[in-house]
Amino acid sequence: MTSSLWERIEPLLSRVERPARYIDSEWGAHRDSDASYRAALLYPDTYEVGMANQAIAILYDRLNAVDGVAAERVYLPWVDMAEQMRTQSVPLFTLETCAAVASCDLLGITLPYELTYSNILEALDLAGIPLRAADRSDADPLVVGGGPCAFNPEPIAPFFDAILVGEGEDAALEIVAAHRAAREQGYSREATLKELSRIPGVYVPALYSPNESGQGASALVAQAGAPEVVTKRVVADLGAYDTPTCPVVPFMDVVHDRVGVEVLRGCTRGCRFCQAGMVYRPVRERSADQIVREALAGIRCTGYDELSLTSLSTTDHSQLEEVMRRLTRRLEGTGISVSLPSLRVDAFSVSMARLVGGGRKSGLTFAPEAGTQRLRDVINKNVTEQDLLDTVSSAFTSGWRRVKLYFMIGLPTETDEDIEGIGRLVSKVFRAAREATPPQQRGGIRVGVSVSTFVPKAHTPFGFDGQISYHEVLRRQQVLRDSMPKKGIDLAYHDAQVSLLEGVMARGGRELADGIEAAWRGGARFDAWTEQFDLGLWTTALESVGLDPHAIATRSFDRGEPTPWGHISSGVGEGYLWHERERAFAGETTEDCSFDDCTGCGVCGDSGLGVDIVLGGERRGSR
Amino acid sequence: MAPGEFRLRVRYGKIGRLRHLSHLEVIHAIERGARRADLPYAVTRGFNPHMKLAFGPALPVATAGLSEYFDIWLTRYMPAEETLNRLAGAMPPDLTPVSSGYVGDDLPSLSAACNIALYEMRIEREDLDRGTFAKALDAVVRSGELTVQRKGKTKVFDLARSLSKEPRVSVDQTGVVVELAVRMGQEGSLRPEALVGAALSRMDAEGAAIAVTRIDTLIEDEKGCARPL
């Protein structure tokens with residue numbers, strides 16, 4: 001596919017790193033020059049990061065199936081390419097037909113992570129689209145966001161015409177249909193946005209203004225006609241939707257370079273720190289038949305040598321054993337492997353891992369999250385020390401020599417005793433690994449310990465409590481280092497400065513938009529890349545607009561006090577979240593409603609979102 | 001090669017936008033294409049089984065190729081024409097299989113055997129005079145040596161050894177075209193754009209974009225020069 005824009009892009013490629021990011025031509029890409037409606041789907045990071053995103057793959061598939069609509073991919077050019085593009089006046093372009101993004105009808109931007117916010121402004125600027133929705137004209141594309149960060153959209157709300165809260169399978173099509181209809185009717189931008197706000201799950205920031213009263217759930221109030229609360233979209237039956245089995249196959253090495261089948265969506269384990277576990281409810285499984293059929297179709301169509309069964313908690317799938325047995329039988333002798341992204345701390349997970357790897361035993365990853373039973377009960381991580389040691393023992397007996405353990409510091413109620421508990425637990429894991437390993441192989445034992453700093457997220461039981469202060473993070477990291485055994489242990493922990501900015505973005509409101517714009521103007525971009533991140537630049541920018549990052553991150557909310565995200569609902573009731581918080585502080589655990597009784601979060605049933613748990617096999621009952 | 005396996009050699013092109021791929025990216029794309037084509041490929045034994053595949057000399061990023069080669073081992077015989085049709089239907093358009101055929105198991109590997117590369121280079125500069133350039137290039141070749149700085153290392157090429165015949169300079173509608181035949185070897189091969197660049201810098205015209213295409217990859221032995229397939 002050639003276009004005049006491509007002729008200006010190509011000469012730049014010899015001057016930049018990794019030109020394969022910009023050349024399109026991949027297997028599986030849809031190219032439609034004649035579509036009457038063009039939607040650019042932007043992942044606000046580099047190609048190799050964005051190509052892993054399954055949400056974009058799903059929307060790309062679904063939108064391209066609509067008559068007259070072309071969906072095309074856009075990734076943010078790396079700094080070297082952006083510089084070349086600015087010098088040569090080349091605007092941000094789509095890969096498939098090399099269209100200027102500003103010439104598209106819609107620009108969809110996924111919101112994967114708080115530290116991509118400066119990239120959104122960089123993309124808008126490279127595209128030549130006004131940064132603020134308020135400054136756009138009828139000639140500009142409709143800029144629509146969606147993804148995990150839509151659950152606290154305020155820091156970036158002024159940059160978007162609309163933001164979809166929740167799942168996009170149907171809603172994205174409705175947004176495009178409403179936009180096309182509005183254009184046929186000759187609606188103004190303002191009238192179009194009003195139409196969009198009628199679609200369930202669509203939040204139009206311009207229709208909400210600051211809540212001056214200090215009362216109510218949210219820091220924002222809806223103008224007449226807009227919904228007071230925007231409730232997330234959710235598909236009732238994941239099995240009714242096809243997995244994209246012919247996704248675009250990249251040339252360059254990308255993150256998660258394999259074909260993925262989403263085996264289930266949602267997780268009801270109820271970990272109180274986990275935003276994904278709260279906002280993606282309820283659990284909806286695909287059936288074993290569908291998974292196996294789509295997995296094999298995906299391998300055939302893409303030519304990948306690896307298949308991943310993705311979800312928040314794949315070993316929770318009620319038919320996983322059957323799926324694994326059928327897939328390993330079908331793939332025997334092909335050199336194609338199956339991978340499981342996340343393992344529960346239990347023997348079943350190890351037996352599943354044994355099935356997937358064949359001969360490969362690269363390493364297993366488990367997430368005990370906290371170092372003491374007391375704190376694991378507080379966060380509702382229903383895993384005991386014995387579970388972990390038994391699991392490690394079983395893994396090393398089966399031939400694994402490396403495990404990686406994920407922990408957090410800064411969880412509510414945490415004391416130094418809990419942090420020292422991480423060191424003690426790691427020592428016990430190392431000992432269990434040694435005992436399960438033949439003496440001549442013990443030299444190869446490695447235990448990776450990765451410790452992140454807890455960021456309290458909106459719509460979780462811990463979302464009302466502020467993050468611990470930056471200096472306290474540094475102190476606790478010192479306690480962690482002091483208590484960690486050295487031999488055979490690889491300790492890594494999250495940069496405290498990054499965690500602070502994550503906390504600011506996760507907890508702040510609309511006032512942050514000025515700060516984000518100031519930071520981008522000051523040069524912030526690719527903040528998720530260590531070599532690009534500069535907290536000083538952010539602090540200066542935030543202070544220049546009168547904001548104190550430390551105050552925003554550490555801010556707590558009382559019951560009844562408006563939150564920046566109170567006008568957005570995941571379907572999980574605020575009463576439930578407060579109740580779970582109380583149980584947490586009392587050290588009481590809550591069962592998983594996929595195994596046990598309903599815990600009353602409010603998502604299921606007619607009084608909730610009209611959905612229910614969908615399992616492929618038998619309901620498993622308490623274990 | 002295990003008994004009962006068939007060594008299929010495929011000639012392919014890396015052209016158009018896909019000349020910007022690295023060698024590793026080409027390898028991955030061809031592996032995936034061979035799986036999509038459902039060729040009955042053999043898999044290596046061991047802890048990390050993978051497709052049995054071997055490539056000829058690597059092409060750098062941005063260099064196109066018209067006669068590139070790989071060998072793939074199949075577990076059962078499939079007519080060469082069918083392998084070609086299947087591959088053609090499973091590869092992106094600018095990574096095109098051109099021909100395929102079975103070769104003997106006793107032949108040395110492509111990377112060891114291929115020792116001559118023919119390049120065509122188009123100098124993208126309108127005001128460049130063919131005659132002046134040809135003289136400059138001739139002067140570089142006559143000097144006998146070319147010193148190349150790359151990734152902080154200095155390497156000196158003996159041009160009488162590196163070039164298997166005299167460069168040819170011609171002109172067509174797009175501008176000046178240079179044809180070079182370069183010897184490839186274990187100790188590193190001369191990058192043709194280095195030679196052309198040296199000539200351009202003699203005439204104070206450095207910095208002109210050079211589009212490089214490897215038009216042929218050959219095996220030279222005592223009997224002469226031949227294509228691997």
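Chain A is the first sequence line, chain B the second, and so forth, proteins listed ahead of strands; every chain is numbered from 1. Because the structure is a prediction, the values reported are computed rather than measured.
- Within 6.0 Å of the CD atom in Glu531(A), the count of heavy atoms belonging to other residues, nucleotides or ligands exceeds 12.
- What you find for Val61(B) and Pro19(A) is that their closest heavy atoms are CG1-CG, 3.7 Å.
- Only the backbone of Met91(B) comes within less than 4.5 Å of a heavy atom of chain A; no side-chain atom from C-beta onward does.
- Of the inter-residue distances, the one linking Trp6(A) atom CH2 with Arg17(B) atom CZ reads 4.0 Å to the nearest 0.5 angstrom.
- Ionic pairing of Glu10(A) and Arg19(B) is present here: one or more N-O contacts between side-chain nitrogen and carboxylate oxygen are shorter than 4.0 angstrom.
- Summarising the geometry, atom CD1 belonging to Ile23(A) is positioned 7.0 Å from atom NE2 belonging to His20(B); distances are rounded to the nearest 0.5 Å.
- Residues Leu18(B) and Phe251(A) are in side-chain contact: their nearest non-hydrogen atoms beyond the backbone lie under 4.5 Å apart.
- Other residues, nucleotides and ligands place no more than 12 heavy atoms under 6.0 Å from the CZ atom of Arg168(B).
- Relative to the six-membered ring of Trp27(A), Arg32(B) misses at least one condition, a distance below 6.0 Å or an angle of at most 45° to the axis.
- With rounding to the nearest 0.5 angstrom, the OG atom of Ser14(A) is 11.0 Å from the CD atom of Glu193(B).
- Between Ala20(A) and Glu25(B), the shortest heavy-atom contact is CB-OE1, 3.6 Å.
- Using a 4.5 Å cut-off between heavy atoms, Ser25(A) touches chain B through backbone and side chain atoms alike.
- Annotation: Glu81(B), atom CD; neighbour count of heavy atoms from other residues, nucleotides and ligands within 6.0 Å does not exceed 12.
- Each of Asp253(A), Asp305(A), Val249(A) was compared with His28(B) under the side-chain contact (heavy atoms from CB on, under 4.5 Å) criterion, and only Asp253(A) meets it.
- The two residues Tyr41(B) and Thr334(A) come nearest to each other via the heavy atoms OH-O, 2.9 Å.
- Atom CD of Glu124(B) has more than 12 heavy atoms from other residues, nucleotides or ligands within 6.0 Å.
- Within 6.0 Å of CD on Gln440(A) lie more than 12 heavy atoms contributed by other residues, nucleotides or ligands.
- A pairwise comparison of heavy atoms in Thr302(A) and Arg36(B) identifies O-NH1, 2.9 Å as the closest pair.
- Around NE2 of His23(B), the count of heavy atoms belonging to other residues, nucleotides or ligands within 6.0 Å exceeds 12.
- For Arg330(A), the CZ atom is loosely surrounded, since the number of other residues' heavy atoms within 6.0 Å does not exceed 12.
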